[in-house]
Amino acid sequence: MIDMVGIGPFVVLPLVIQIIGGPQFIWAWVLGALISFIDAFIWAELGAAYPLAGGSYNFLKIAYGEQRWGKLLSFLYVWQTLIQAPLVVASGSIGFAQYFSYLVPLDDWQRKLVSGVAVLIVISLLYRKIDSIGRIGMVLWAAVLLTLGWIIIGGLTHATVPIGDVISGATAPTPAGNGWWAAGLGAASVKTIYCYLGYYNVCHLGSEIRQPGRNIPVSIFLSITGIAILYLLLNISVVSVIPWQEAQKSQFIVSSVIEAAYGPQAAKIATGMVLMVAFSSLFAVLLGYSRVPYAAAVDGQFFSIFARLHPTRQFPYVSLLFLGGLAFIFSLLFRLADVITAILAMRIVIQFVGQAVGLWLLHRRKAADSFPFRMPLYPLPIILAVGVWLFIFVSTGLSFMLSGLVVIALGVVAFLISARVRQQWPF
């Protein structure tokens, strides 16, 4: 749940309102939760049946065959991680700089500088042996809950727009020809799904989970439910204090809500809490992702340079520096809205659609008792997941679709070159 929140809802909320252009923007958050629930059935089955470190890397390898197509799909997952992981870090650092400008007014280049420096600080903090960050987990989660709770309670108790009007506006029918229910809702859902991503992170720690057949599915569904409730309350609270017409223009909506409810000093404290949550998520994200290329390289399925450990501190420094360096560049070059969309475009085809189809292939090969958790109404959730993810993929727009497909194509070329050198399948 800590990974799911991060900086996401604090920067995405105004973007979603802008895209929808009306009080129905809440439905984009509902759709994001629904898509997450549908996809969660796939992750729950795979995580419970194959509780292995690495999550998608192993799921794809097992589902498509470890000696043939599974090699290619798992390689492509790691390959796209080289791009989308820095994008995730960049999105957090750009959001960090956006909220930092509430405390210290900054122009565009100064924001980029703050964003880049945030990435460099994270890299420097991780450039050491990290035994565990679990001890700060509860502190971070308390900070997330405190921040969200403060906004929600502050908004509901200092509402300038009656909450009944907010809800009735969200459920009112849209004018004929508005079109938000199709293209607008799809584009807005790209942003909200970004805020839900992370419900599956327990699968990456599968080998360390007790009773994985039970606890992995419970963790996934509990996380989505809890975060969905918090996000809906957050949205209602925000537009109860600041009308949606004004909220869509705010670059630091959390600070604006707290300022309206409690004054400027309280808003500065709230902004500081958001910055702490954002920086902590940057730390955790880069720590986790830096181990993905390393694990694949150690497994002999990726470029061997990523398997190198620091000679004295014993951490994957090549992987860390590569991902961190790209994140630094991305944080200087791109806008937040584009980064968020690119993250989804990079992941959908291989990770989300690929896993859904892979689970269907596993069901054809294995007996029912091989899956400790079974989704209801099989194979309907798989069909729905593939359809919804392809809809979201199209909703990212032609340029982002093409960029995602180009990354996959380059990955195939890289895989073939690597396989040829090592005389592995298909050579």
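Note that the coordinates shown come from a computational prediction; the quantities given were computed from them, not determined experimentally. Atoms considered below: every heavy atom in the structure, side chains included; atoms not considered: hydrogens, waters and symmetry mates.
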Measure across [X] and [Y] and return the closest heavy-atom pair with its distance rounded to 0.1 Å.
{"X": "Phe330", "Y": "Ile83", "value": "CE1-O, 3.7 Å"}
{"X": "Met346", "Y": "Ser403", "value": "CE-O, 4.3 Å"}
{"X": "Tyr289", "Y": "Ala85", "value": "CG-CB, 3.5 Å"}
{"X": "Leu282", "Y": "Ser93", "value": "CD2-N, 3.6 Å"}

Can you list everything that forms a side chain to side chain contact (heavy atoms under 4.5 Å, CB included) with [X]? Sequence neighbours excluded, please.
{"X": "Ser36", "value": "Tyr196, Tyr199, Ile224"}
{"X": "Thr157", "value": "Ile153, Tyr262"}
{"X": "Val298", "value": "Tyr294, Ala307"}
{"X": "Val241", "value": "Val257, Ala260"}

Note, Leu332 side chain near Ser115 side chain (heavy atom, < 4.5 Å) | no

Can you name the salt bridge (charged side-chain N to carboxylate O under 4.0 Å, His left out) partners of [X], sequence neighbours left out?
{"X": "Asp165", "answer": "none"}
{"X": "Arg335", "answer": "Asp338"}
{"X": "Lys191", "answer": "none"}

Between side-chain atoms of residues 212-221 and protein atoms elsewhere (two or more places apart, or another chain), which donor-acceptor pairs fall under 3.5 Å?
residue, atom, partner, partner atom, Å
Asn215, ND2, Arg210, O, 2.5

Inter-residue atom distance Ile343.CD1 - Thr396.OG1, 0.5 Å rounding | 12.5 Å

How many angstroms lie between CD1 in Ile258 and OG1 in Thr147, if you round to the nearest 0.5 Å?
-> 9.0 Å

Taking atom types as modelled and ignoring hydrogens, do the side chains of Ser56 and Gln355 form a donor-acceptor contact shorter than 3.5 angstrom?
-> yes

Do Ser255 and Thr271 have side-chain N/O donor and acceptor atoms under 3.5 Å apart?
-> yes

Ring pair (Phe, Tyr, Trp, His ring centres under 6.0 Å) partners of Tyr317, counting only residues at least two apart | His310

Contacts of type ring pair (Phe, Tyr, Trp, His ring centres under 6.0 Å), residue Phe37, not counting sequence neighbours | none

Passes side chain to side chain donor-acceptor pair (under 3.5 Å), Ser319 versus Ser290? Steps please.
-> CA-CA 5 Å; Ser319 183; Ser290 65; 5.3 Å; no

Evaluate whether atom NZ of Lys112 has more than 12 neighbouring non-hydrogen atoms of other residues, nucleotides or ligands under 6.0 angstrom away.
-> yes

Residue pairs, two or more places apart or on separate chains, that pass ring pair (Phe, Tyr, Trp, His ring centres under 6.0 Å) and touch residues 89-120 = Tyr102-Phe252

Criterion side chain to side chain donor-acceptor pair (under 3.5 Å) on Tyr194 and Ser91, from CA distance to verdict | CA-CA 10 Å; Tyr194 163 78; Ser91 69; 2.7 Å; yes

Scan the side chains in residues 47-55 for donor-acceptor partners under 3.5 Å anywhere in the protein, sequence neighbours excluded, and list what turns up.
none

Derivation and outcome, ring-ring contact (aromatic ring centres under 6.0 Å, His included), residues Trp43 and Tyr200 = CA-CA 6 Å; Trp43 285 93; Tyr200 44 76; 4.4 Å; yes

